[in-house]
Structure formats: structure tokens, C-alpha cells
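In what follows, a single structure is set out as C-alpha cells and then discussed.
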Amino acid sequence: MAAACTGTGLLTAAITATSTKPKVHNKQTPSASRPSCSTCYCTTACTTSATEQQQQQTVKKFSYSRSSPSIRWPHLKFTDTHNNNSHHSPFTLPSPPITTTTTSHVLDDAGLAVNIGHHDDVGEEDTFLRGNDGYGEGLGRPSRNTAKKMTKLALKRAKDWRMRVQLLTDKILALNPDEFVADVLDEKMVQMTPTDFCFVVKWVGHSSWQRALEAYEWLNLRHWYTPNARMLATVLSVLGKANQETLAVEIFTRAEPGVGNTVQVYNAMMGVYARNGRFTKVKQLLDLMRERGCEPDLVSFNTLINARLKSEPLSPNIALELLNEVRRSGIRPDIITYNTLISACSRESNLEEAVKVFDDMEVNKCQPDLWTYNAMISVFGRCGLPGKAERLFKDLESKGFFPDVVTYNSLLYAFAREGNAGKVEEICDEMVKMGFGKDEMTYNTIIHMHGKHGQDDLALQLYRDMKTSGLNPDVVTYTVLIDSLGKVNKITEAAKVMSEMLNAGVKPTVRTYSALICGYAKAGKRMDAEEMFNCMLRSGIKPDHLAYSVMLDIHLRSNDTKKAFILYQEMVDDGFFPDLSLYEVMLRLLGRENKVEIIQKLVKDLEDFHELNPQIISSILTKGECYDFAAERLKLAIVQGYSFDNDNLLSILSSYSSSGRHLEAIELLNFLKENASGSNRFVSEALVVIFCKANQLVAALDEYHKLREFSFFSGSFTMYDALIKCCVESERLAEASQIFSEMRFNALEPSWDICRVMSITYCKLGYPETGHFLIDQAEARGIAVQDMSIYVGLIECYGKLKVLEKAESIVGSLRQRNSIVDRKVWNALIQAYAASGCYEKARAAFNTMMKDGPSPTVETINGLLQALIVDGRLNELYVVIQELQDMGFKISKSSIILMLDAFAQAGNIFEVKKIYHGMKAAGYFPTMHLYRVMIGLLSSGKQVRDVEAMVSEMQEVGFKPDIVIWNSMLKLYTKIEDFKKTVQVYQQIRDAGLEPDEDTYNTLILMYCRDHRPEEGLSLMQEMMKFGLKPQLDTYKSLIAAFCKQLMLEQAEELFESLRSGGQKLNRSFYHLMMKMYRSSGDHSKAEKLMDIMKESGVEPTVATMHLLMTSYGSSGQPTEAEKVLDDLKLTGATLGTLPYSSVIDAYLKNGDYDIAIQKLKEMRAEGLEPDHMIWTCFTRAASLCRGTSDAIILLTAIGDAGFDLPIRLLNNNSELLVLEMDCYLAKLGPLEDNAALNFVNALEDLLWAFELRATASWIFQLAIKRNIYRHDIFRVADKDWGADFRRLSAGASLVGLTLWLDHMQESLSFYIY
């Protein structure tokens, strides 16, 4: 035995020495620990560090129980090849994966990452072994075709070799540390083939690479089947998995010349390099293969790809480039190639590259396997697309695969990353139901989710459950727990977790210590934080830049300048330097304590280590509030002739200004004037900045305008920055825009902050395109716009301007860059659609949110409803509400109020009441706004009882009616002319201590006008104006109209003139109102003058105005003047209708000039204008007023000749035969304006009464009631009111109505008598 060892050399001796060492157990004796004390941690951590140094040659095997098929797929009832779980054979796996798959995820809080589902082994060993010795039929990856081809003899042989290999494997692994593998092999218990020995080495290597290497070496010493390429490939694979690269290189170098150019050996060695991401070495080995005439195969390229992906991050399109490189070699990529690439994309959360690879896979008809789908589910989860991950998960069974524990953990992580605890619980339940228990990865994922969202109690409970279930928490588990507990100020629990971590033999990382240190600092336990830092040092963990910075910040926050400076010195000695912001804090603290020497030391370090010039150092000193030192450094910079950076100089001066040290700033500027040539412009710019910081915008603008007088003035960025922001803060947006334009004109590149401010400014000014252009320019410069409020503002502005295409383009570009668009952006787009009533587009955006995320909110739903409301599709609101409820959304109170407001705006009282009562039934209590809307709507609908009940209801629940509600009630009672209650409501306003507003006074004045009390209305208007309230123009119009009706000309004229003299722009209706008054009073001269005034005021008279003037002349018996007005109208070339002709004809008829009137009718027809109802009404009315029957017949004959013979036929023929014709004509007149039907019927009734045709007049009267020309309740006998309303009837019509009323009365009395 000794001779054999000597012949082997140093390698075998090293292996033998390793194998004879006693096994080291990772169990430690629990020690008493105090959660509040850190000494125990230090002791345990130091012990752990020492133990680890003794085990440098022994790499701890990663054990993952889920690698066993019987555990990954418990419902498929697989059995393990080995009873010992520590050395499973991979040849019994029923699914495509060739190696053990481990799943973990990047934990951002802890900064740790473990690869998910990547191929470390690409099948080179199994590929080589299964083609030899007749046993290959049963080896390697199982195939459906292989199982069918095997004979009974082949099956028996396959069973025999497994039994032989298993026997030797168990014997070797059962050896004591002081026993040798040779003792087992020399016994020759069974007959072994070369392939059998290869599998012995491999199976032993699963549990102990040392024993496997010892077996290989012993076989070499005995010259059994060596040199042998398959044996060499096997042992290289074992060493690669054990991370023993040095030994693998030595064995390969020694044995490679004797095995020839065998591609499997090169592949095995390339796999060793690939595990550590040594792409260069793999590439060199591939080139060496080609030089020696050994053509690489697919395994070679798969290994090369694996090494490349591990060596550095993925670059764009690298995955497809690697695939094309394989194809250029004449080899078709297989499933392992694609899975390796997709797994790498998953590790780096690169969804775009993963999708490209997956698409290429489908195009090239390479069938995905479970590994592929696991990796795709993982990458969807890592990229924040849990919905897509879940859809792919649900499609697995249809694709012929059963999800394993890796699949479930990947899906679990996808939802845990989003903080969806409900979905995570659902997936866990499904895992358990399918026979999977929670493993380490499952617990870590859920613990991390709870820790990240501050749910430390849940995280702790899971941690305890994890330990109870027999699983071992790892460093990620502990670090996340400690960090989350520290953030919520549960430092005692965090310390206890640290103690348990050390007792479990898990070594803390620098991030673990930093988390606990931060927790202590947050809890105000500075001493404990310091002790933990020292414990980390004693444990052999060297602080990094972060650990030093955290501890330095703790000392600085504790105002411990002594310890802070000592730590700073240690940090610098270790080659780390604080950020400049920490220097500022240190300087601020040292300046307060007047530590002059230390400040000088820091300044020297800034010069020596950071290589900063005096001007930049001065800026740092200024921010650190060491103003005197800052001034000295700046002066030194000036004296030494440094080339000034204007921005830095202005920043220093602005810091002086913001701290209130304006005198020091001015002194420094004077020094600059004296010692720096050409500094006047700098001084002016500095003054602009100082004024801006002092919020003296006017002075800053004055100084800026003086600056512009300099020739070749350009200005500095800092000056423009301060000036623009000051203008925006002062709402001087136009000035800000102008200054920004000048800044761009001077070729100064705006910062992102300025672009952001100006983008918002342009949106406020109504120029979103300009703001959008600024954002596009910033992105083109490589600025990553993270502030989604910018895009939201642009979309909202585009929506207001109805430029929806631009808003859509913003969302489209965001979707291309981000897998999930921010919810606020979607809501802004939907609101933009809503503003234009584009419901279909809004619904499409809503559906996209439902599909790709994020989930819609109440604001989203309200946007959908608003789109329907704006589009006037109120009847579809209920349909959409039902659809949303079917989708699981709960309709919020705001959505219901939105619907109620919409129906209220439309005046739909029925729907509003229905929504209101449904809202109360659902438990939503009305708000003050809701009461205002309801009472306002009901008041407009004259629903008196409902309004009064609503007011009582709101008072019962504790709401007091405000002025808006009282005003609604005032309008209600004014509309229904219940003036008594109107006054009572006004008194209630006074009693409640409310101040009447403009609406109150305007309504009260309208009430007085309708109650024929305009004097009181005028008095109230004067009172209103004393309180500074301005009456509405309609209020003035109502008062003028009321005075006109009572022919109170002086008051009406006084009001009208007060409006004109007050500069009010009066519309045409005011002039028409006054003209009607003058017409009624017969003062046509004033009407004529008023028209001249109307023209002077810039209000052009219309045909209606001329009509009023003509009727005024007609009323005063001057038809010739009316005809002159008509002639003037004709000269203007205006298109005239029958209205002005009817005015002139009516004037002649009223004056008794029948012949002239008939002549004007003929002239009108000769001019091509056909008479209408207005002409017929004028002639009919005139005929009813004629003294003689002949004159009346002449007039009626004239209109009969003109085409309207209905009146003359009523006088001459059987009138009952004309009922249908009359009914049709009245139906034709009904829709016309200006009471056309009423005027005609009144004139006809006068005519028939004059000719004593009472029966005809009666049925025409009843026909008018039927056609709603006369009120249907004109007779109130049926209601036992015994009254009648003849207010709108002419004299003849009133007499006819009186006759009919008497008939109704007689019939009613007869009924009561009998």
C-alpha cells in the first residue's frame, strides 16, 4: 500500500491525507446568549471563522431534497434508486432536466442572489457513457423509444450492472476515514466492466469527491482499464461539481496526451471551467480541440454558452448571437442550449432576451420541456408579470407536463414580489394539496415578502415554522429577518435572530451585520451598534464601503466627533473614502465644535485623495457650513488663478445666501471684483442667484435684464436654474418660459430638474407639445425618467385639449420600455378619453390593465363611467356597473355619486331617486354634496314635497342646510309662485346666521318681479350692491321687464341707462325689451332713438329688431313709417321673410287702410315671397274687427286668393265638414314659435263670434284644447273648482269659453240635483 502511494506522487498523497481526516460536523454546542448583548455573537462568529479556515479543502455539498423525483413529483409515485438521499442517481429522472435544479431569487434587501434553474452540466458525461459496453441502452436520459426496444435479456443485464455498481458504491461510502478505497476494489467481489467502474466513480462522487478521486487514482495505479477517456471525463465531472478546479486541471494535463482527441474529455474539462464562469479558458480549450482535429459537438457549444453567460451580464441580443454561432458550426441547438440561455435571462430578469430565445426555439421546432417553462415562469415573475407567469403555469398540463416544486416556487415568487399575500397563500395551499411540502426556498420567498412590506410578525412566525418543520434557514433568511425587524424598531427580536443564526452555524455576511447595526442606530442604541461593528471585525469580516459609511454616519448622528474621526482614519487606511455628502456632515459637526485642526485634515484629504481643486473644496465647505474655511479656499483659488467654473462659484454664493449670510457673500463678490479680471458679469449673475434665494424676484429680474446688456452675454446654468424656478414658484409662468428660451438660445443644456419644471409649466400654459418635446430630449440624452407624474401631467393636458393621439403615444412608448405601466398613467389616459366621451377607447385601456397589470382602482372605474356620461350614454351606466361587479369590483361611493350627478345634470329625477335610495340601502350615507345635488334637482323639477322631505331628513341626521340648499328652495318657491314660502325661506337664512350671496339676492329680486312688486326688487338690488355683491344681467332684465309691464317707464329707463353707463355690454334682448315697452306705450320716437343707440353700442339690429320698430309705428297709427323701415331693410340686401311684411300689413290693417294692405300682400307675392300663418292671422284678426261685413269679406277673399281660403269657407259652408282640415292645420302650426297657433285661433274665434257662428266657434275652441293650444284645465268644473282661466284668450275666444263654461256648470249642477 505504501509503495502504491509513493508511485502516485503528491496528488495521491494529498487525496489520501484528506480522506483520512476525521469528518467535521457543523453542529455547535448551544451557548447562552443575551439578545441585548453582542459579545456572544462575536465569540460564536470567531469560532465559526476558525472552523471555516480549517475546512478550506472541504467544500460543503449543497443538499436540496427536492432534486429527488419522488419529492418533486410525489403524485407520480416515483421510487429512488438509492436509499441514501445524499447520492441520488440521475438516471431515474422521468423528466427532461439532467441535473439537480435549484431555485432561488434575488433578494434586494439582502443583496444576495442564487441562480435559478441553470444548466451547470450539459450532459457530456452521460452522453459519453451510454454508447459503450452494451449497457448504454439503459443508461443516461430515459427515452420512450429505448424502453420499447429493450429485450428481456437487456433488461436483466441493466439490472445486473446497477446492482454491481450499487454494491461497490455502498462499500466505498461506508469506509471509515482511516480506511482506503483500495481495500474494497482489491477484493474483486464482482466482475466489473470499464463502464461499471466509471459509474462507481460517478456515484461515489455524488457524496464524496475525495473518495471518487481516490478510486480513480487507485484504478490508474493498478492499470485497470486506463488510460480511459470515459473514466477521465467522469472524474473531471466529479471534480468540477466539487469546485476542485486545480485538481481537475492537474489530472487533465497529466492524462490528456494518453486518451487521444476525445471530444467528451474536452467537454468535461470545459465544464469544470464553465462552472466558475471562466469563459476565456473554455474558449481556449475549444480552440485547442480544433487545432488537434477534434471537432466540437453540441455539448461543447452548450458548455461554451454556459461559460459566456456566467462570465459577464447579458448584452443586448447576445442570446441570439450565441445561437447563430452554434448554427454556423453546422450544429443544431438542442433543448439544453435553449434552457441554458433562458435560465441566464431569468437570473438577470431580462424578459426581452428570454422571449426572443423562446420564440427562436418555437420557430426552429425545438420542443420546450419543463425546465424551459420553469425558467419562463421565473423570468415573468422577476419582471413583475405574475399574471403571465400564472397563465403559463396553468398551460403546463395541456402541454404534457406536471408542475414540480421548482415550478411552484417560481410562481410563488412572482406573486410574493408584488406583495400579493392572498395569492401566495393560495399557491402554497395548492402545493400542499399536490403533495409538495414547503421547502427552504418557499419559506425564504414568503419571509422576504413579509419582511419587505414591514410585516415582521408574519415573517418571524414563518421563520419559527420553518425551523419547526426541520428546515434550515440560510443567510438570506436571517439577513432579511434582521433587516425587517430593525426597520420597525424591534431590535431585541433582531438580536435574538442573530444569536440563533450564529448558533445554527450560519455565518453572517457584511450585509447581515450592517442590517443589525442600522437597526441599533434606528433604535438609538449607539453602543450596541458600535459593539456589533467591532464584533464583525473580530469575526474576520472586513467592512466594505457601505459598512464603514453606516457606522460613520452613526457616529456623526451621535455627535461623537472623536470616534467618527478615528473610524474615518481606519476607513481611509483600508482604501475606502466617504462620499462627499458624508464629508459635508463631518464638516458641519466639526465646524460647530470648532475643530479647526481636524477640518484642515479633512480639507487636505479632499485635496490628496479626491484630487479636488480649491473651488470645489470651497463648495463642500460651504455645504458643511464652514463658511470661513470656504471663503479662504475660494480666495485661494482666485489668487492661484484657477479657471473658474461659473456654476460652482454661483453654487457657493447661493449657499451663503440661503444660510442668510448675505454680507459675507457680498464681501466675497467684492474680492472677486478686485482680484479676478472680467468678474463683473460673474458678480451680476451671483446677485441674481442671491436675490432668487431670498425670494426677491423683482430685484433678480432687474439684475438679469442689466446682465443682458453685456455684449456676448450667455449666462451660467445656475443663474438660469435659480431664476426659472423662482419665476415658477411665483406663478410668473410667462417670464419662466421666456428665460428658458433665452437659456436654450445661449446653448446651455438644461438639467433634468429644469426640464421637469418647464414641462409642468408648459402644461399649465396649455402647450403640452412643448413640454413633451423637452421630456423626449431628456430621454434622448440618456436620462431615465422615473417620475411618472410628468407623463401624467402631459396626458392630462392633452386630454383637456382633446389631443388624444399624443396622449396615446406617451402610453405606447412607456409600454415599450416597461413591462407594467404605472397605474397613474393608465388612469390619466382613461380620464383623457373620458373628457372626450371616448368610452370604447377608455374600456380598451381598462381591459389592458386587467390583462397586463396594474389592477384598476376606483379612479379607473370612475374614468370609465365619466366617459359614458360625457358621451351622453347614461342608459349604459347600469350595464357597465353590472359588468364590473361580475368581474369582482365593488362599486365605491364616489362612483355612485358620479352616476347620481350625471342623472341630476340630465334632469332625470326618477333615476336620481332610484340611485339615492339604492345607495342608502347599500349602507352609503349621503354627504352634504349629495344633499345639495338632490335638493337642487328636485327643486328644478318643482318637486315641492320631496324637497321639503329631503331638507327634514338631512336635518335629522345632523346636517344643517347651507346657503346653496336654501337658494335651491328659494328658486323652487319662486318658480311655483309661492311667494309666501319664498319669504319664509329667506327668513330662515337670516335666522341660521348665513350670509345671503348673489344667488340669494338674484332669486329674491326675481320673486318680486314675478309678484308685480318691482319697486321692492329694486330696493333689494341696491341693498345687495351695498354688500359688494354684483347682480346678474338677467336680474336687471327681469326688473326692467317688470317695470315695463306696469308701464313704469322712468324706472325702466333709469335701470337701462345705469347698465349702459356702467360699461356693461348689453345684448340685443335688452334693447328689444325697451322697444317693446315703447311700443306698448305708443312712444315710437323713443323706439327709433333706441335703435340708433343700439347701433352706436355695436349691436347690429336684426329683422326682429326692425319688426319691433315697425310694430311700434303700427301701434301708433303710422303705417307709412313702418313701410319705410321695410324699404330700408330691402336696401340692405338682407334676406327677408314674412315677418317684416306682416308688420307693415298689420300696421295698415290696424289703421283701416285695407286696400293698401291687400296691395302690399300682392307686392309681397310678386317679389316671390309666399304668405304664411302670420299674414293669415293679421287678415283674419282685421276681418273680425271690421265695421261692415263687406270689408271683412274683402279681406278674407284677399287671403283666399293668396292660397288660404279656410276662414272664408268657415263662414260660407257647413263648418262640420272642415273639422279634419282645421285639425290638420292646427297640428301644422303647433310646433312653430311665437305662439303661432294661439294667435291664429284667437283671431279665428273673434271672427266667428263676430259673424255669430257660435257652434263653429265652439268646436274650434274644443279642438284648440285638444291640440294643447288652450290649456286642458281651462275649465275647472270637473275638479269642483268652479273656475276658469281665460288669461291667454282673445275677446271672442273668451266669450266662447264663457258659453262653454256655463254649459259645464249646468251639466254639473244637474248631476248633483238628480
Open item on the list: Using 0.5 Å steps for rounding, measure from the CG atom of L697 to the CG atom of L701.
Closed with: 4.0 Å
Open item on the list: Please check: side-chain N/O of S349 versus main-chain N/O of C383, any donor-acceptor pairing under 3.5 Å?
Closed with: no
- [ ] Report the C-alpha distance between K604 and D608 in whole Å, list the side-chain angles of each, state the deciding distance to 0.1 Å, and finish with yes or no for side-chain contact (heavy atoms from CB on, under 4.5 Å).
- [x] CA-CA 6 Å; K604 190 173 186 309; D608 296 342; 2.6 Å; yes
Task: Rounded distance [0.5 Å steps], OG1 in T561 versus CG in L590 - done: 6.0 Å
Open item on the list: I want to check something: taking the side chain as every heavy atom from C-beta on, are Y762 and F740 in contact at a cut-off of under 4.5 Å?
Closed with: yes
Open item on the list: More than 12 heavy atoms of other residues, nucleotides or ligands under 6.0 Å from CE of M928: yes or no?
Closed with: yes
TODO: Rounded to the nearest 0.5 Å, what's the gap from CG on N827 to CD1 on I861? Could you check?
DONE: 10.0 Å
Task: Any side-chain donor near an acceptor of the partner, K601 and Q569, under 3.5 Å - done: yes
Open item on the list: Using a 3.5 Å distance criterion without hydrogens, assess whether the side chain of D721 forms a donor-acceptor pair with backbone atoms of F717.
Closed with: no
Task: Sidechain-backbone polar pair: N613 side chain, I616 backbone, donor-acceptor under 3.5 Å - done: yes
Task: S759 side-chain N/O to R756 backbone N/O, donor-acceptor pair under 3.5 Å - done: no
Task: Side-chain ion pair, E859 and K824, N-O less than 4.0 Å - done: no
Task: NZ/NE/NH1/NH2 to OD/OE distance under 4.0 Å, E808 and K841 - done: yes
Open item on the list: On a heavy-atom basis, which atom in C755 and which in A778 lie closest, and how many Å separate them?
Closed with: SG-CB, 4.5 Å
Open item on the list: If you apply the rule side-chain contact (heavy atoms from CB on, under 4.5 Å), what do you find for V698 with F691, and how did you get there?
Closed with: CA-CA 9 Å; V698 176; F691 285 137; over 6 Å; no
Open item on the list: Less than 4.0 angstrom from a charged side-chain N to a carboxylate O is my criterion; do E779 and R817 meet it?
Closed with: yes
Task: Exercise: identify the closest heavy-atom pair between A529 and A521 - done: CB-N, 4.3 Å
Open item on the list: Quick check against the 3.5 Å criterion: does S737 have a side-chain atom that pairs as donor or acceptor with the backbone of A734?
Closed with: no
- [ ] In plain terms, say whether K706 and D702 are close enough for a salt bridge, that is, a side-chain N and a carboxylate O under 4.0 Å apart.
- [x] no
Task: Approximate separation, where rounding is to 0.5 Å, of T718 OG1 and L748 CG - done: 10.0 Å
TODO: Say whether S789 and D787, considering side chains only, have a donor N or O and an acceptor N or O under 3.5 Å apart.
DONE: yes
Open item on the list: Pair N1067, V1099 - check side-chain contact (heavy atoms from CB on, under 4.5 Å), show working.
Closed with: CA-CA 7 Å; N1067 58 33; V1099 181; over 6 Å; no
Task: Whether over 12 other heavy atoms sit under 6.0 Å from K595 NZ - done: no
Task: Flag, side chain of S1061 to backbone of S1058, donor-acceptor distance under 3.5 Å - done: yes
Task: CA sep, side-chain torsions, deciding dist, call: V585, L552, side-chain contact (heavy atoms from CB on, under 4.5 Å) - done: CA-CA 10 Å; V585 177; L552 182 60; over 6 Å; no
TODO: Return the minimal non-hydrogen interatomic distance between I830 and F846, and the atom names on each side.
DONE: CD1-N, 4.1 Å
- [ ] State the OG-CG distance between S581 and D553, to the nearest 0.5 angstrom.
- [x] 8.5 Å
Task: Y720 side, atom OH; N746 side, atom CG - distance, nearest 0.5 Å - done: 4.0 Å
Open item on the list: Which label fits Y1001 and F1027: parallel for a plane angle under 30°, tilted from 30 to 60°, or perpendicular past 60°?
Closed with: parallel
TODO: Say whether D997 and N967, considering side chains only, have a donor N or O and an acceptor N or O under 3.5 Å apart.
DONE: yes
TODO: Identify the heavy atoms of L1029 and P996 that sit nearest to each other, and give their distance.
DONE: CD1-O, 3.7 Å
TODO: Decide yes or no for M586 and I598: does some side-chain heavy atom of the first lie under 4.5 Å from some side-chain heavy atom of the second?
DONE: no
Task: Exercise: identify the closest heavy-atom pair between I775 and L794 - done: CG1-CD1, 4.2 Å
Open item on the list: I'd like to know if the side chain of D560 reaches the main chain of K563, judged simply by a donor and an acceptor atom lying under 3.5 Å from each other, with no hydrogens or angles considered.
Closed with: yes
Open item on the list: Counting C-beta onward and ignoring hydrogens, is there a side-chain heavy-atom pair between K623 and I620 closer than 4.5 Å?
Closed with: no
Task: Contact check, side chains of V870 and Y833, non-hydrogen atoms, under 4.5 Å - done: no
Open item on the list: If we count only N and O atoms by modelled type, under 3.5 Å, do the side chains of N862 and S894 hold a donor and an acceptor together?
Closed with: yes
Task: Which atom of M571 lies closest to which atom of S549, heavy atoms considered - done: CE-OG, 3.8 Å
Task: More than 12 heavy atoms of other groups within 6.0 Å of F609 CZ - done: yes
Open item on the list: Keeping K1065 on the side-chain end and S1097 on the backbone end, is there a donor-acceptor pair under 3.5 Å?
Closed with: yes
Open item on the list: With a 4.0 Å cut-off on N to O distance, would you call E607 and R633 a salt bridge?
Closed with: yes
Task: Over 12 foreign heavy atoms within 6.0 Å of CZ, F576 - done: yes
Task: Flag, side chain of R823 to backbone of S855, donor-acceptor distance under 3.5 Å - done: yes
Open item on the list: Counting only heavy atoms from other residues, nucleotides and ligands, does the tally under 6.0 Å from CZ of R781 exceed 12?
Closed with: yes
Task: Under 3.5 Å: donor-acceptor pair, side chain of T1035, backbone of P1031 - done: no
- [ ] State whether the number of non-hydrogen atoms from other residues, nucleotides or ligands found under 6.0 Å of K802 atom NZ is greater than 12.
- [x] yes
Open item on the list: Does either side chain, that of D605 or that of Y583, offer a donor lying less than 3.5 Å from an acceptor on the other one?
Closed with: no
TODO: Taking atom CD of Q696 as the centre, report whether more than 12 heavy atoms of other residues, nucleotides or ligands fall under 6.0 Å from it.
DONE: yes
Task: Any I790 side-chain heavy atom under 4.5 Å of W752 side chain - done: yes
Open item on the list: Is any side-chain heavy atom of I963 closer than 4.5 Å to one of E995?
Closed with: no
TODO: Please check if any side-chain donor atom of Q738 sits under 3.5 Å from a side-chain acceptor atom of R732, or the reverse.
DONE: no
TODO: May I ask you to test the K1030-E998 pair for a side-chain heavy-atom distance under 4.5 Å?
DONE: yes
Task: D822 vs V792 side-chain heavy atoms within contact, under 4.5 Å - done: no
Task: Side-chain donor-acceptor pair present, H772, Y798, cut-off under 3.5 Å - done: yes
